[in-house]
Amino acid sequence: MSGRVVVVGSANVDLVVDVPRHPRGGETVLGDRLRRSPGGKGANQAVAAAWAGGADTSFVGALGDDEAADLLLVSLGGAGVRTDLVARVDAPTGTAFVTVDPGGENAIVVAPGANDLLQLNDNQAERIADAEVVLAQLEIPLDVVTEAAAARKAGALFVLNAAPSRELPPELWAAVDILVVNEHEAADLAGTPEALLDRVPVAVMTLGGEGCVILRREREPVHISGIPVQVIDTTGAGDAFCGVLAASLARGLDVEAATRLAGAAGALAVTRPGAQTAVPSADEVALLGGRVS
Ligand code: RIB
């Protein structure tokens, strides 16, 4: 089973500068040359679900009518993502300003542009209703995320990557089957990781180089170890994780097996620069994922 995934989310052109360190408030820092690459949490996760996760993946998002949109469509299409349902709206394609320090740590500011104008239409809702897994993040309007969750078929999973973290309405919390967050997002959303389970049945908390932990109601937490790698750029590593997690679930793997492959995808992604440009192949993920404990 190849599994069908619909990713509902943002697409941005990433304007990336390597910096000796991230600037403090009011400070100017001289960086390296400017790089321009396809990004956006939604588009990154769609690329990962298709290319690294091997799932039949559709992307539902909004782009402007500009060169940034072309860059994104080429990247999504090149990874095998279905883009027929991407909306074109009267606003510039989203832009993310990304700085990356020598340790590979990033800082990102997003100007949402077209992402803010995303609305679900009937065709998109139909595609969602056909998927085994619907995956969303929080760089698009919250009502669209909530509608996407509601449009899934009975038995399909709604996976929410609550990034960037923001307050969520009760109806969205109630729709989540699996929540994916990092430690900061977990603290923002619930105070403690365990408290996430008051809201959702399953939470996967990523821990950077330390791997991740799966939290489930009435079960002991399961820690999945990190894989030692040389960190070049952490941008989009969480997206590679989420895309492969969704794809693996859609292909019928259980949460633990899917999370191990997701961890491998995230580890491989940090060894390469960029977001979509850093997404590993499905073969690489399978090879490394087999070694994750
Ligand atoms: O998660 C990384 C992504 O966050 C970047 O590609 C940037 O566009 C922002 O959406």
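Order of appearance sets the numbers: ligands from 1, and atoms from 1 within every ligand.
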Open item on the list: If the cut-off is 4.0 Å to any non-hydrogen atom of Gly39, which atoms of ligand 1 fall inside it?
Closed with: 6 (O), 8 (O)

Open item on the list: At under 4.0 Å between heavy atoms, is it the side chain or the backbone of Asn106 that contacts ligand 1, or both, or neither?
Closed with: neither

Open item on the list: Is it the case that atom CG in Asn121 sees more than 12 heavy atoms from other parts of the structure closer than 6.0 Å?
Closed with: yes

TODO: Report the distance from atom CG of Leu179 to atom CD of Glu185, rounding to the nearest 0.5 Å.
DONE: 8.5 Å

Task: Asp239, any N or O under 3.5 Å of ligand 1 N or O - done: yes

- [ ] Using a cut-off of 6.0 Å, state whether more than 12 heavy atoms not belonging to Glu171 lie near its atom CD.
- [x] yes

Open item on the list: Is there a side-chain contact (heavy atoms from CB on, under 4.5 Å) between Phe97 and Ile108? Walk through the geometry before answering.
Closed with: CA-CA 6 Å; Phe97 302 90; Ile108 304 178; over 6 Å; no

Task: Element-labelled atoms of ligand 1 that are located less than 4.0 Å from some non-hydrogen atom of Ala96 - done: 7 (C), 8 (O)

- [ ] Check ligand 1 against Asp14 and write out every atom of the ligand that is under 4.0 Å from a heavy-atom position of the residue.
- [x] 5 (C), 6 (O), 7 (C), 8 (O)

Open item on the list: Check this for me, if you would: do Glu27 and Arg21 make a salt bridge, where the nitrogen-to-carboxylate-oxygen distance has to be below 4.0 angstrom?
Closed with: yes

Task: Closest approach of any protein heavy atom to atom 4 (O) of ligand 1, naming residue and atom - done: Lys41 NZ, 3.1 Å

TODO: Tell me, please: is Gly238 in heavy-atom contact with ligand 1, that is, under 4.0 Å?
DONE: no

Task: Connected hydrophobic set around Val89, excluding itself, where side chains approach under 4.5 Å - done: Leu117

Task: Exercise: do Ser37 and Asp14 side chains pair donor with acceptor under 3.5 Å - done: no

- [ ] Decide whether the shortest distance between a heavy atom of Gly236 and an atom of ligand 1 is less than 4.0 Å.
- [x] yes

Open item on the list: Below 4.0 Å, non-hydrogen atoms only: which portion of Asn44 touches ligand 1? Side chain, backbone, both or neither.
Closed with: side chain

- [ ] Would you mind listing which atoms of ligand 1 come within a distance below 4.0 Å of any non-hydrogen atom of Gly40?
- [x] 5 (C), 6 (O), 7 (C), 8 (O), 10 (O)

TODO: Give the numbers and elements of all ligand 1 atoms closer than 4.0 Å to a heavy atom of Glu139.
DONE: 4 (O), 9 (C), 10 (O)

Open item on the list: Does either side chain, that of Gln45 or that of Asp239, offer a donor lying less than 3.5 Å from an acceptor on the other one?
Closed with: yes

